[in-house]
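Notes follow the structure.
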Amino acid sequence: KFAASLKKGMWMGGNPPLGYICKDRKLVIDQQKAKIIRFVYAKFIQTESYFKVAELLNDAGYRTVGGNLFEPKAILRILKNPYYKGCVVHKENVYPGEHKAIIDEATWNQVQDILKSHKKPETRETKSPTSSFLKGLVYCGACKSLMKPTGTTKRGLRYRYYSCYKHIKFKTCGAEKATFPAEQ
C-alpha cells in the first residue's frame with residue numbers, strides 16, 4: 001500500500017505542499033504551481049492581509065489542487081509553511097531540507113515579521129466564551145450561508161455582530177446588508 005502511494009506522487013510526508021511535486025521520493029519544484037506560492041508571498045507583503053490575498057487569487061482564477069476557491073486560512077498556512085523556504089519540520093523542530101526553496105530567506109523573514117506584528121496578545125476576554133447564543137442557528141437571507149458571530153472593540157467597548165459566512169470568507173454574498181448587531 002505504501003509503495004502504491006509513492007507511485008501516485010506521494011513522498012514520505014504525504015501529499016506534497018502546493019508548488020512541489022514528488023519525483024523519486026524527493027520534493028521538486030512544480031514551476032506552474034510555484035507561481036501561485038510566489039504570488040501569495042508577494043501580495044501578502046504588499047497588502048499585509050491574507051484575506052485580501054485569498055480574494056486576489058480567487059479573482060485571478062487560481063484554484064486549489066481540488067479545484068476549490070482559496071480560503072484565507074489556507075493562505076495563512078502557506079505563509080507559515082517553512083517548506084517554502086527550503087526547510088522541513090519534524091516534531092515541531094525546523095531543519096534544512098534537501099529540496100529547493102520557492103521563497104528566498106529575506107522574503108520569508110519579511111512575511112514572518114508582518115505576521116508577528118499583526119498578532120494580538122490573547123486577553124481574558126478572548127479566552128472567555130461570549131454570549132453568541134444564536135451561533136449555528138441563524139442563516140443569511142440572500143445566500144443561505146451560516147451567520148457567524150464576529151465583533152470589534154472601539155474605545156474599550158465590545159460590539160458583537162452576526163455576519164454572513166460567505167461575505168466574511170469570500171465577499172461573494174449578494175446581500176445588501178451582510179452584518180447585523182447581535183444585541184438586536
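None of these values were measured; they are calculated from a predicted model. Values below: every heavy atom of this structure, side chains too, minus hydrogens, waters and symmetry copies.
In terms of modelled atom types and a separation under 3.5 Å, the side chain of His99 and the main chain of Tyr83 share a donor-acceptor contact. Judged by distance alone, the side chain of Asn81 and the main-chain N or O of Arg77 form no donor-acceptor pair under 3.5 Å.
Using a 4.5 Å heavy-atom threshold, the side chains of Val40 and Phe70 count as separate. Two residues are said to be in side-chain contact when any heavy atoms from C-beta on lie closer than 4.5 Å; Arg63 and Asn58 meet this criterion. Between Tyr159 and Thr153, the closest side-chain pair of non-hydrogen atoms is not below 4.5 Å. In this structure, the side chains of Phe44 and Leu115 come closer than 4.5 Å at one or more pairs of heavy atoms. Ile75 places none of its side-chain heavy atoms less than 4.5 Å from the side chain of Phe51.
At most 12 heavy atoms of other shown residues, nucleotides or ligands fall within 6.0 angstrom of atom CD in Glu98. In the displayed structure, Lys148 atom NZ is contacted under 6.0 Å by at most 12 heavy atoms of other residues, nucleotides or ligands. Applying the 6.0 Å contact sphere to CG of Asp24 captures no more than 12 heavy atoms from other residues, nucleotides or ligands.
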message: Is there a side-chain contact (heavy atoms from CB on, under 4.5 Å) between Tyr20 and Ile29? Walk through the geometry before answering.
response: CA-CA 4 Å; Tyr20 290 100; Ile29 294 176; 3.7 Å; yes

task: Apply side-chain contact (heavy atoms from CB on, under 4.5 Å) to the pair Arg160 and Thr150, showing each step before the final yes or no.
output: CA-CA 6 Å; Arg160 295 183 313 104; Thr150 60; over 6 Å; no

query: Stepwise, does the side-chain contact (heavy atoms from CB on, under 4.5 Å) test hold for Phe39 with Leu56?
result: CA-CA 10 Å; Phe39 181 92; Leu56 291 169; 4.2 Å; yes

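The OG1 atom of Thr64 sits 8.5 Å away from the NZ atom of Lys33 when rounded to the nearest 0.5 Å. Distance check: Glu55 CD to Thr47 OG1 gives 10.0 Å after rounding to the nearest 0.5 Å. Between the CG atom of Asn109 and the NZ atom of Lys85 there is a distance of 6.5 Å, given to the nearest 0.5 Å.
Using the six-membered ring where Trp is involved, Tyr41 and Tyr84 have ring planes that are perpendicular, over 60° apart on the 30 and 60° scheme.
Scanning both residues, Leu79 and Gln112, for their nearest heavy atoms gives O-NE2, 2.8 Å.
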